[in-house]
Amino acid sequence: MTPMIRYGGGPPIARDPARELARRELGKPIYHQDDPSFFERILNKISDWLNALYHRFTDVGGGAGGGWLGIVVLLVILAVVVGAVWWRIGSVRRNAAAPGALLGEAVTTAEDHRATAERHAAAGQWPEAIRERLRAIARDLEERAIVPPRPGRTADELATEAGTALPDHADALASGVRLFDDVWYGGRQGDADGYRALVDLDDRLRAARPVPLGGVS
């Protein structure tokens, strides 16, 4: 015979349906307003784990020396855990920010990119301004046949190819691309000084002439 449960003055209810009713009732948000958040629960579990480790090592070592040994071992474990998490986060960021093509597939001119860069600069949008100015440099070098047009070229590849054709400006090109990489992929904040450095580089490259084949000037 199925056990019956009576709530208040109502009719008796079988045990299994009663259990389900109780579960639904207790699942309402009003009963969980003061429950710890998911993040707090994770922190509590980590804290409990660290406490258990500490007591395990101090109990094994015994005495004051054992306590110090437990603390040292605990710190080593913490360092390993933090290092693993940091490496994982860094790996994700590096993969997410892998350098891509500097120029898109749209047909643009160097002047288009310069005008866009100036609009971003006027608005204080320095990362975008820096990117557009480097795109202007890349497109200008292609328009003047200093480097051949090539879809998918990265900023680093541009510095290498253009630096070979314009050796007097190779270091400046490398610096400009490094600035772009740091701001656009490395998460550093761009600023007006960085943008002006690329404007100056653009002006100097526009007046530069490639080294003739064979290196004869």
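Along the sequence shown, the residues carry numbers beginning at 1.
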*Going through the distances and angles, do R114 and E111 end up as a salt bridge (Lys or Arg N to Asp or Glu O under 4.0 Å)?*
CA-CA 5 Å; R114 290 187 184 106; E111 287 303 321; 2.7 Å; yes

*Give, for atom NE2 of H113 and atom CD1 of I137, the distance between the pair rounded to the nearest 0.5 Å.*
11.5 Å

*asked:* We want to know whether E118 and Y195 form a side-chain donor-acceptor pair, criterion being a heavy-atom distance below 3.5 angstrom.
replied: yes

*asked:* Counting only heavy atoms from other residues, nucleotides and ligands, does the tally under 6.0 Å from CZ of R204 exceed 12?
replied: yes

_Under 3.5 Å donor-acceptor, E132 side chain and H120 backbone_ = no

*Closest heavy-atom pair and its distance - E157, T154*: OE1-N, 3.0 Å

_Can you tell me how far apart CD1 (I130) and CZ (R188) are? Round to the nearest 0.5 Å._
9.5 Å

_Strictly distance-based, threshold 3.5 Å: is any side-chain N or O of R131 a donor or acceptor partner for the main-chain N or O of F180?_
no

*Can you check whether D140 reaches L205 side chain to side chain, under 4.5 Å on heavy atoms?*
no

*In plain terms, say whether D200 and R196 are close enough for a salt bridge, that is, a side-chain N and a carboxylate O under 4.0 Å apart.*
no

*Could you tell me the separation between the CZ atom of R119 and the CD atom of E128, rounded to the nearest 0.5 Å?*
12.5 Å

*Least distance between heavy atoms, L173 atom then G163 atom*: CD1-N, 3.7 Å

*Is there side-chain contact between L201 and L198, with heavy atoms separated by less than 4.5 Å?*
yes

_Non-neighbouring partners of R139 that pass side-chain hydrogen bond (donor to acceptor under 3.5 Å, both in side chains), sequence neighbours left out_ = T108, E142

*Which heavy atom of A129 sits nearest a heavy atom of A121, and at what distance?*
CB-N, 3.7 Å

_Restricting to non-hydrogen atoms, name the atom on L166 and the atom on A208 that form the minimum distance, rounded to 0.1 Å._
CD2-CB, 4.0 Å

*Which atoms form the tightest heavy-atom contact between L103 and A138, and what is the distance?*
CD1-CB, 4.1 Å

*Which pair of heavy atoms, one from A136 and one from D202, lies closest together, and at what distance?*
CB-OD2, 4.4 Å

*Any donor-acceptor pair under 3.5 Å from D112 side chain to T109 backbone*: yes

_Value rounded to 0.5 Å, distance of OG1 in T116 from CZ in R133_ = 11.0 Å

*Return yes if some donor-acceptor pair links the side-chain N/O of R153 with the main-chain N/O of P148 below 3.5 Å, else return no.*
yes

